[in-house]
Amino acid sequence: MKDVFSEVTMYYDYSKIEKKWQAIWDEEGTFKASNDSDKPKFYALVEFPYPSGQGLHVGHPRPYTALDIISRKKRLEGYNVLFPMGWDAFGLPTENYAIKTGIHPEIVTKNNVAHFKAQLKSIGYSFDWSREINTTDPNYYKWTQWIFIQLFKKGLAYKKEFPINFCTSCKVGLANEEVVAGKCERCGGDVIHVVKNQWMLKITEYAQRLIDDLDLVDYIDRVKTSQINWIGRSEGAEVNFPLKDKSDSLTVYTTRPDTIYGATYMVISPEHPFVDKYAESIENIDEVMGYREEAAKKSDFERTELVKDKTGVRLKGMDAVNPISGEEIPVFVSDYVLMTYGTGAIMAVPAHDQRDYEFAKVFSLPIREVISGGDISEAAYTDSENGVAVNSPLINGLKGKQAIDTMIEEIEKRGLGERKVNYKLRDWVFSRQRYWGEPIPMVYCEKCGWQPLNEESLPLMLPKVENYLTTDTGESPLANMPEWYNTTCPKCGGKATRETDTMPNWAGSSWYYLRYTDPTNDDALASKKALDYWLPVDWYNGGMEHTTLHLLYSRFWHKFLYDIGVVSTPEPYAKRTSHGMILGENNEKMSKSKGNVVNPDEVVERYGADTLRTYEMFIGDFTQAAPWSENGVKGCKRFLDRVFKLPEMVQGGNGYSPAMETAIHQTIRKVGEDIDNMKFNTAVAALMKLLNVYTDNGKINREDLKVFLILLNPFAPHVTEEIWSSCSFPSQIAKTPWPVYDEEKCVEASVEIPIQINGKVRARITVSASADEKEISAAAHECEGIIKALEGKSIIKEIFVAGKIYNIVAK
RNA sequence: GCGGACGUGGCGAAAUUGGCAGACGCGCAGGAUUUAGGAUCCUGUGCCGCAAGGUAUGCAGGUUCAAGCCCUGUCGUCCGCACCA
């Protein structure tokens with residue numbers, strides 16, 4: 001068959017075949033998971049996409065195909081598999097599109113979802129579409145709101161002043177990703193921080209458990225490490241430094257109490273409350289306030305990128321006393337101390353902290369060595385393990401942990417402070433001044449304060465608005481709708497107003513895997529029975545970019561739901577893996593502007609879904625980034641074309657053909673193990689190799705063909721089912737057991753052993769697999785090449801590694 | 001600066017974890033087929049060399065009978081985080 005419109009010859013009508021099998025799967029409900037089954041369960045999960053206007057790109061199918069392969073194999077192995085898909089559909093691009101076009105986000109979302117779904121279907125994934133969910137569906141976000149209310153009731157949701165990004169020219173609140181280099185992404189205007197009273201979630205309360213329970217799960221190390229680093233646990237002490245002539249003391253957090261004798265000054269953050277509290281006694285308060293304003297004006301970008309030189313102002317009239325040395329020391333404000341970490345104040349030990357050292361140099365402050373081992377005239381010596389304490393009467397001669405512990409004990413004994421653990425992790429800012437998100441189900445009443453809505457009244461529907469732009473003051477568009485926000489207090493029935501902020505994108509995705517287990521339940525986010533049956537997710541694959549936010553947030557919510565008895569497992573995901581990115585042909589990240597974007601629709605159209613799937617798996621190591629290659633796609637198409645012609649080679653015979661039996665058993669083992677270990681590229685290679693074996697053999701029988709089709713089926717489900725059916729094999733591959741291999745039959749009858757002299761191969765001999773060292777040694781010494789190479793040399797020793805190598809060491 | 005990943009043919013990559021480097025695919029070359037191109041099939045293909053042989057996993061050392069793999073140093077690329085006291 002020739003396709004005159006394209007260079008690609010159609011050896012079989014993949015388009016027709018693929019549509020046919022997709023229709024059969026739909027009609028027969030082939031991949032529907034049962035909530036009531038005798039089979040062991042297996043819950044495979046991929047991150048549900050944000051249905052953007054651009055549609056799918058070739059990066060999406062990589063993880064989807066991978067877990068589809070795993071799911072398909074698990075089904076053939078007798079598991080009841082749940083492999084669901086849905087839409088994380090709240091979010092900025094849709095909203096921005098609505099602002100531009102005036103089209104309601106709901107309609108945009110609906111269209112985008114339809115497009116995405118058609119694309120996914122065309123690739124032939126074995127998703128259970130009967131469980132499709134959408135975070136923007138009121139029946140879904142009802143439960144997102146319900147979870148929020150539970151968090152509030154347990155004191156884990158609270159309001160706090162927190163700055164947002166605000167574009168001074170568009171007069172619009174911006175998300176962090178809309179701020180580029182301190183400017184508004186769309187208009188280039190200046191972005192400033194405006195303080196808003198926002199909802200926060202106390203994820204910090206779970207910090208320790210989020211670290212500890214990583215021991216309960218099988219996550220790739222990279223993920224564990226970055227979660228641990230992100231949470232950033234540190235151990236140290238809080239120490240009170242009394243203020244001279246004042247009744248207060250300044251509390252600092254330090255991980256190096258062993259250096260306290262070296263604390264020659266203190267620094268507090270510009271936002272520290274003491275600046276206000278003691279404004280009257282600070283002689284240079286105007287200067288200090290000026291510094292504070294400058295610091296507030298700086299964007300995060302400037303604060304981190306541009307500030308290399310330390311700046312600050314001394315607080316005149318406010319000195320502190322080092323509680324251990326008794327020394328009087330000055331206090332500074334500087335923006336290198338952050339209000340958001342620790343106590344917002346530090347004891348500065350310039351001799352043993354890089355930042356303090358730099359600051360001390362700028363302000364000519366004393367640098368006193370209290371840990372020996374470095375050269376403090378050159379740089380701060382920060383080694384906390386090997387340095388020995390000096391000039392520190394209480395701990396002289398001690399080092400490392402011992403010095404630290406002794407000092408903390410002393411501090412506690414004297415009532416100057418206490419041992420303290422700190423985390424870098426901060427509470428989760430849960431408010432967005434945006435339209436396209438879940439309304440926060442809270443009401444403010446003058447009399448009763450913040451009150452949650454009655455749970456029976458959920459969902460609190462997102463109302464229709466006329467304008468999707470935030471207000472001039474950066475409030476959500478809902479703040480322009482008095483008819484919506486004016487309401488009554490659920491507690492006292494008096495006048496009250498609704499919260500007009502909405503939830504962040506991460507809300508709906510923090511619990512979506514629970515909803516799949518029972519997606520239409522009206523009485524609960526899912527029935528206890530369904531949750532207990534399916535949880536935890538057995539295998540969750542997603543991008544590294546979601547490791548610190550989404551993955552941590554959803555673990556937090558899950559633990560909370562565990563604490564209130566909704567779920568029965570402490571962790572949501574038993575296993576987490578991560579895929580690499582697919583790059584453009586030029587080895588760069590795919591992007592419209594670079595013109596290197598490959599559209600999966602075109603690939604499906606020109607080469608077929610099976611080819612797309614096979615190539616995405618063959619492209620390289622699943623966990624690494626890999627560049628797209630059109631020629632690589634063609635190679636996979638060629639492979640499937642050859643497979644399609646396999647039935648032509650079929651001749652009689654029962655069981656596997658003896659000449660190829662070993663290769664077949666080896667391939668069953670290899671493909672099975674490779675799929676389990678996500679080494680899809682070598683699994684495809686093994687199948688290509690087996691096809692070469694078949695081709696070289698010139699003929700195959702029906703068993704040889706059958707096993708090949710089953711092994712290839714998870715990768716190329718359509719063409720393998722088609723060949724299966726055209727050969728009149730029974731039923732469908734989807735209902736056929738995965739083949740088993742026999743370890744003994746994987747062993748070759750004879751092996752080739754390389755004979756080395758001093759590590760260099762000089763000859764090869766072929767011996768039976770059972771040959772022992774004696775036989776091999778004898779054979780080796782008969783080889784001409786070996787005899788020649790050994791001439792004039794004496795043998796020192798001979799090393800034999802069974803099945804691998806025979807090495808003669810000679811001089 | 002800190003943390004992580006990585007560096008192997010012309011290209012994408014393999015290498016059972018210390019045992020024949022380059023499986024499998026692309027590309028390329030030669031041949032077959034074809035009116036021609038495309039497609040397909042066969043053969044070859046790390047580099048140097050006619051060959052024997054030599055040489056090769058970013059670079060420099062080390063351990064070992066044996067190193068892509070382990071150790072030390074060094075250079076380079078990519079990703080994440082950004083003064084976390």
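None of these values were measured; they are calculated from a predicted model. Every chain is numbered from 1, with letters handed out A, B, ... down the list of sequences.
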Thinking salt bridges, do [X] and [Y] make one under a 4.0 Å N-O criterion?
X: A:E235; Y: A:R256; answer: no
X: A:K310; Y: A:D335; answer: no
X: A:D641; Y: A:K645; answer: no
X: A:R669; Y: A:E743; answer: yes

Legend entry - base_contact_polar (B:C26 base, A:N631 side chain, donor-acceptor, <3.5 Å):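 In this structure, the two groups form no donor-acceptor pair.
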Legend entry - Under-3.5 Å donor-acceptor pair between A:K634 side chain and B:C26 base: no
Roughly how far apart, to the nearest Å, are [N] and [M] at atom [atom1]?
N: B:A29; M: B:G37; atom1: P; answer: 14 Å
N: B:C47; M: B:A60; atom1: C1'; answer: 22 Å
N: B:C41; M: B:U33; atom1: C1'; answer: 8 Å
N: B:A67; M: B:G61; atom1: P; answer: 15 Å
N: B:G25; M: B:U34; atom1: C1'; answer: 26 Å
N: B:U40; M: B:G46; atom1: P; answer: 23 Å

Legend entry - Most 5' of A:F622 and A:I346 on RNA chain B, judged by nearest nucleotide: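 Between the two, 5'-proximity favours A:F622.
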Inset, instruction - For A:W230 and for A:Y253, locate the closest nucleotide of RNA chain B by heavy-atom distance; then report the residue assigned to the nucleotide nearer the 5' terminus. - result: A:W230
Looking at [N], I'd like to know if its phosphate oxygens (OP1 or OP2) sit under 4.0 Å from a side-chain N or O belonging to [X].
X: A:N681; N: B:A23; answer: no
X: A:K760; N: B:U55; answer: yes
X: A:R638; N: B:G27; answer: yes

Inset, instruction - Check the distance between B:G25's C1' and A:D641's CG and give it to me in whole angstrom. - result: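 Distance check: A:D641 CG to B:G25 C1' gives 15 Å.
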Please name the nucleotide paired to [N] by Watson-Crick or G-U wobble geometry with both distances under 3.5 Å, or report none.
N: B:A23; value: none
N: B:G76; value: B:C6
N: B:G46; value: B:U55

Legend entry - A:Y336 side-chain proximity, nearest of B:A85, B:C83, B:U16: B:C83
Inset, instruction - Determine whether more than 12 heavy atoms belonging to other residues, nucleotides or ligands lie under 6.0 Å from atom NZ of A:K224. - result: yes
